[in-house]
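Side chains are part of it too, since the values below use all heavy atoms of this structure and drop only hydrogens, waters and symmetry mates. First the proteins, then the strands, lettered A, B, ... as listed; each starts at 1.
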Number of protein chains: 2
Amino acid sequence: MVEYTPLDHTLSALADPTRRAILGRLAGGETRVTEVAEPFEMSLNAVSKHIRVLERAGLVRRRVHGREHLLALDLAPLETASRWMEEQRALWAWRLAELDKILKEKKP
Amino acid sequence: MVEYTPLDHTLSALADPTRRAILGRLAGGETRVTEVAEPFEMSLNAVSKHIRVLERAGLVRRRVHGREHLLALDLAPLETASRWMEEQRALWAWRLAELDKILKEKKP
DNA sequence: CCATCATTCATCCGTATGGTTGAATATACC
DNA sequence: GGTATATTCAACCATACGGATGAATGATGG
């Protein structure tokens, strides 16, 4: 996809179970790339790519310390996305309810 | 992506501005495919494909009425995703806060 | 009946994604 | 200095995505 907004990046980054698992792991604190990759079946390189996607979405920050790259969770984009989602859900639910009300008034 | 869970479908369906706009439109009530497609620059066929993605995610229901297909918004998957997102955000924020607390106790 | 309208199906194209493997780079350690 | 370690880069592959266009299907309406 040609992605435009931060929301696009956040949602498409989250739409993958491997990446969500990586985030869960990082909630346990700063972790090296190899250590992050350890529990997954796929190659280290594949995990490295997933990490890059998470960085692009701003969900992960990288701190290079010698030859090790330490990864940390950044919740800011998740907060934004979560707020967006709940707002839309509520707004749309309200609109649908309004429509329903009007329909029931017309056919009582 | 090889998608597995409903959450995967929901999030990747939402990670596209055109599809989010379609949902917004459907919040105004049942709408025919052509009518949904009208405000977009792209072809009707392209919009039709987006609609199929939204259906696969369960966000849109289709009711065929003669030659017209009426599309309706279904908020259930959005509720699930919204709940998931807020739960994870809160959980991960709490874990990070706990880690921070421990670090500050060790270096006072 | 026949033309029109609503929609999908089929095909094609360019690009992105998720994965692999092998090489390159850079730091750490003895 | 030389070897092992951590990580990325580069190339490749299969498949999916987002879009276009043209044909097919199916219902409507005069």
Measure [atom1]/[X] against [atom2]/[N] and give the value in whole Å, please.
X       : N      : atom1 : atom2 : result
B/Leu71 : C/dA6  : CG    : C1'   : 12 Å
A/Asp16 : C/dA16 : CG    : P     : 18 Å
B/Arg52 : D/dC17 : CZ    : C1'   : 12 Å
B/Asp8  : C/dG18 : CG    : C1'   : 14 Å
A/Arg19 : C/dG18 : CZ    : C1'   : 9 Å
B/Glu35 : C/dT7  : CD    : C1'   : 14 Å
B/Glu55 : C/dT7  : CD    : C1'   : 12 Å
B/Ile51 : D/dG18 : CD1   : C1'   : 14 Å

Is there a path of hydrophobic side-chain contacts, each under 4.5 Å between heavy atoms of I, L, V, M, F, W or Y residues, that connects A/Val53 with A/Leu75?
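Per the 4.5 Å side-chain linkage, A/Val53 and A/Leu75 are not co-clustered.
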Could you tell me which non-hydrogen atom of A/Trp92 sits nearest to which non-hydrogen atom of B/Ala27, and how far apart they are?
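Closest approach of A/Trp92 to B/Ala27: CD1-CB, 3.4 Å.
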Please report the closest heavy-atom contact between B/Glu30 and B/Ala72, naming both atoms and the distance.
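The answer is CG-CB, 3.9 Å.
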Side-chain donor-acceptor pair present, B/Asn45, B/Ser48, cut-off under 3.5 Å:
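No donor-acceptor contact under 3.5 Å links the two side chains.
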So if I take every side-chain heavy atom of [X] and compare against [options], which nucleotide ends up nearest?
X       : options               : value
A/Glu68 : D/dA6, C/dA6, D/dT8   : D/dA6
B/Arg32 : C/dA6, D/dA6, D/dG18  : C/dA6
B/His50 : D/dT8, D/dG18, D/dC17 : D/dG18

Phosphate-side-chain proximity, A/His69 and D/dA6, N/O vs OP1/OP2 below 4.0 Å:
no
Under 4.0 angstrom between B/Thr34 side-chain N/O and C/dA6 OP1 or OP2
no
Give every pair of a protein N or O atom and an N or O atom of nucleotides 20-26 of chain D that lie under 3.5 Å apart, one pair per line with the distance.
residue, atom, partner, partner atom, Å
D/dA20, OP2, B/Ser43, N, 2.8
D/dA20, OP2, B/Ser43, OG, 2.8
D/dT21, O4, B/Asn45, ND2, 2.4
D/dG22, O6, B/Asn45, ND2, 2.4

Of all residues at least two apart in sequence or in a different chain, which pass the salt bridge (Lys or Arg N to Asp or Glu O under 4.0 Å) check with B/Arg32?
B/Glu35, B/Glu68
So which of A/Arg63, A/Arg61, A/Arg62 actually passes salt bridge (Lys or Arg N to Asp or Glu O under 4.0 Å) with A/Asp74?
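One option only clears the test, and that one is A/Arg61.
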Output the distance between atom CG (A/Leu59) and atom CG (A/Leu54), rounded to the nearest 0.5 Å.
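Taking CG in A/Leu59 and CG in A/Leu54, the distance rounds to 6.0 Å.
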